[in-house]
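First comes the structure, then the notes that go with it.
Just so it is clear, the structure is predicted and the values come from calculations on it, not from any experiment.
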Amino acid sequence: MSEDRRVRRTRRLIQEALVALILEKGYDAVTVTDIIDRADVGRSTFYAHFTHKQEVLLSNLDEMAFLHPTPAIDAGRLFAFSLPMFEHVQEQERLVRALLGRHGGGPVIARGEQMIAELVRGDLLAAGGRSSAALDLLVVCVVGAFMGLLRAWVNGETTATPTELDAAFRAAVEPGVRATLNRP
């Protein structure tokens, strides 16, 4: 059990070191050596846990529980994930800013968009949508709107609250989604 604790602690040190370095100098400028130095671990220790810096980056995202599909909080409401996700982002602001902000890594944004797309697709299918090219395009539009708001918020371009972001997201996407879903 103590070994599991040491493993978790070492992984967390490496992950936190990467987040701090991304915030300081941007993902592309960070090297494995920088991470090792900041985390104060040996090179072999780093490679015992991760194969490269992108894996560390993606492990941070994978551990963000709010991005994992969960049953809708309000099954009758489209995109029930939206407000809880904005609230969680507010709680984890430093980590999310490093992962999805201006200095974050492209792989994280792509993975985040993929995870949100799974949530959106599930909601649209549950609301009566059928798998089709049109549904795929609708998913892209909804994810784009959500990620646009999220990035603007994380990058400090808006000071809206999670409730205000959720309301803006819903106002922008729900009418079009409902119109598309109700087409014969």
Practice task
Mind running side-chain contact (heavy atoms from CB on, under 4.5 Å) on Q54 and Y27 for me, showing each step along the way?
Solution key: CA-CA 9 Å; Q54 183 175 328; Y27 175 76; 3.4 Å; yes
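- Summarising the geometry, atom CZ belonging to R130 is positioned 11.0 Å from atom CG belonging to L181; distances are rounded to the nearest 0.5 Å.
- With sequence neighbours excluded, the residues that form a side-chain contact (heavy atoms from CB on, under 4.5 Å) with E113 are I109, V143, M147, R151.
- Residue pairs meeting the salt bridge (charged side-chain N to carboxylate O under 4.0 Å, His left out) criterion with at least one partner in residues 78-91, sequence neighbours excluded, are absent.
- Residue R12 holds its CZ atom at 12.5 Å from OG of S59, rounded to the nearest 0.5 Å.
- Judged as a side-chain contact (heavy atoms from CB on, under 4.5 Å), and not counting sequence neighbours, the contacts of T10 are I14, V41, T45, H49.
- We find the CG-CD distance between L57 and Q15 to be 10.0 Å, quoted to the nearest 0.5 Å.
- Annotation: salt bridge (charged side-chain N to carboxylate O under 4.0 Å, His left out) contacts of D37 (sequence neighbours excluded): none.
- Contact detail for L124 and V177: the closest heavy-atom pair is CD2-CG1, 3.4 Å.
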Exercise for the section: Apply side-chain contact (heavy atoms from CB on, under 4.5 Å) to V56 and F46, showing your working. Expected result: CA-CA 10 Å; V56 179; F46 175 90; 3.7 Å; yes
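- Not counting sequence neighbours, the partners of E24 by the side-chain hydrogen bond (donor to acceptor under 3.5 Å, both in side chains) test are R38.
- Neither M115 nor V140 shares a network with the other; the hydrophobic side chains, linked directly or stepwise wherever heavy atoms of I, L, V, M, F, W or Y lie under 4.5 Å apart, form separate groups for each.
- Among all heavy-atom pairs drawn from A127 and L78, the shortest one is CB-CD2, 3.8 Å.
- By the salt bridge (charged side-chain N to carboxylate O under 4.0 Å, His left out) test, R170 pairs with D166, E174, sequence neighbours left out.
- The ring-ring contact (aromatic ring centres under 6.0 Å, His included) pairs that include a residue from residues 111-143 number zero, where partners must be two or more places apart or lie in different chains.
- Taken together through direct or relayed side-chain contacts under 4.5 Å among Ile, Leu, Val, Met, Phe, Trp and Tyr, I35 and V19 form part of one hydrophobic cluster.
- Linking Ile, Leu, Val, Met, Phe, Trp and Tyr whenever their side-chain heavy atoms come within less than 4.5 Å leaves V142 and L137 in two separate clusters.
- Counting heavy atoms from C-beta on, the side chains of R11 and F50 come closer than 4.5 Å.
- The distance from atom CD of Q90 to atom CG of L165, rounded to the nearest 0.5 Å, is 9.0 Å.
- F79 is linked by a ring pair (Phe, Tyr, Trp, His ring centres under 6.0 Å) to F169, counting only residues two or more places apart in sequence or in another chain.
- Residues L125 and L135 meet the side-chain proximity criterion, which asks for heavy atoms closer than 4.5 Å.
- Applying the side-chain contact (heavy atoms from CB on, under 4.5 Å) criterion to Q114, with sequence neighbours excluded, gives R111, E118.
- By the side-chain contact (heavy atoms from CB on, under 4.5 Å) test, A29 pairs with K25, sequence neighbours left out.
- With sequence neighbours left out, the side-chain hydrogen bond (donor to acceptor under 3.5 Å, both in side chains) criterion links T31 to D34.
- Between V173 and A145, the shortest heavy-atom contact is CG1-CB, 3.6 Å.
- Minimum interatomic distance between W153 and A160 (heavy atoms only, all atoms of both residues): NE1-O, 3.0 Å.
- With a 4.5 Å cut-off on side-chain heavy atoms, L150 and M85 do not count as touching.
- Hydrophobic clustering (ILVMFWY, side-chain heavy atoms < 4.5 Å, transitive): L119 and L149 are in one cluster.
- Taking the ring centroids of F81 and F86, they lie at or beyond the 6.0 Å cut-off.
- Scanning all heavy atoms of the two residues, the minimum distance from I22 to V30 falls at N-CG2, 4.1 Å.
- Nearest heavy-atom pair, I36 versus G42, reported as atom, atom and distance to 0.1 Å: CG2-C, 4.1 Å.
- Within the structure, salt bridge (charged side-chain N to carboxylate O under 4.0 Å, His left out) contacts touching residues 39-58 (residues at least two apart or in different chains) do not occur.
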